[in-house]
Amino acid sequence: MGEFELIHKYFATAPCAQGGEGIALGIGDDCALLALPPGEQLAISTDTLVAGVHFADPCDPFLLGQRSLAVAVSDLAAMGANPLAFTLALTTPTVDADWLQRYAQGLNAMAQRCDVGLVGGDTTRGPLSLTLSVFGRIPAGRR
């Protein structure tokens, strides 16, 4: 399975990747476009989780999907920012359809719970690691 097929099958069709308020252009292009109303700033945070360092390997991919996004979104909450969007850079040693399906389901469940949209990312082959960048909105001058 190629990169674009993998992205489409497991991530681009997920409800969390269908855009929403503040997302002018989401997943599927060279980059995403976010729209902030006047008087707001963009809060950005990135977290990487590596198998065997930040989580047990193997582990439940559904729970890992939830955890990987929750860890990143919590940084926005710490700043008082409202979640807007996130990207996912996913590195896996193989294309395991069952693992990808369960991970994507957990990620989507947490994205819907946090009301945050998946707007892009990257996939590569290598040791299992997950890098999520989250973007949030905060009133200008609040921090």
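Hydrogens, waters and symmetry mates are skipped; everything else that's a heavy atom, side chains included, is used.
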Any side chain to side chain donor-acceptor pair (under 3.5 Å) involving residues 64-86? Give me the pairs, sequence neighbours left out, ordered by first then second residue. S45-D75, S68-Y103

Set out, in order, the CA-CA distance, both residues' side-chain angles and the distance that settles side-chain contact (heavy atoms from CB on, under 4.5 Å) for L69 and V134, then state yes or no. CA-CA 8 Å; L69 184 55; V134 290; 4.2 Å; yes

Looking at residues at least two apart in the chain, or sitting in another chain, which of them share a salt bridge (charged side-chain N to carboxylate O under 4.0 Å, His left out) with R137? E21, E40

Starting at CZ of R102, measure out to CG of D98 and round the result to the nearest 0.5 Å. 10.0 Å

Nearest 0.5 Å, please: how far is OG1 in T91 from CG in L130? 8.0 Å

Test side-chain contact (heavy atoms from CB on, under 4.5 Å) applied to L34 and L42, step by step: CA-CA 9 Å; L34 304 179; L42 186 63; 4.3 Å; yes

Nearest 0.5 Å please: distance from the CD1 atom of I44 over to the OG atom of S133. 8.0 Å

Determine the minimum heavy-atom distance between A81 and A43, stating which atoms define it. CB-CB, 3.9 Å

Just verifying a value: how many Å separate T131 OG1 and L49 CG, rounded to the nearest 0.5 Å? 8.0 Å

I'd like to know if L76 and V71 are part of one continuous hydrophobic network [Ile/Leu/Val/Met/Phe/Trp/Tyr, side-chain heavy atoms within less than 4.5 Å]. no

Can you find a heavy atom in the side chain of T92 that is under 4.5 Å from one in the side chain of W99? yes

For the residue pair V95 and L100, establish whether any side-chain heavy-atom pair is separated by less than 4.5 Å. yes

Co-members of the apolar cluster containing V50 [side chain, <4.5 Å]: V53

Other residues, nucleotides, ligands: >12 heavy atoms within 6.0 Å of D57 CG: yes

Does the side chain of D47 come within less than 4.5 Å of L132's, by heavy atoms? no

Within the 4.5 Å heavy-atom criterion, are L118 and L88 side-chain neighbours or not? yes

Smallest separation among heavy atoms of V116 and A85, with atom names: CG2-N, 3.4 Å

Could you state the interatomic distance from CZ (F86) to CE (M110), rounded to the nearest 0.5 Å? 10.5 Å

Do the non-hydrogen side-chain atoms of T87 and F135 ever get within less than 4.5 Å of each other? yes

Can you confirm whether F55 sits close enough to L128 that some side-chain heavy atom of one is under 4.5 Å from a side-chain heavy atom of the other? yes

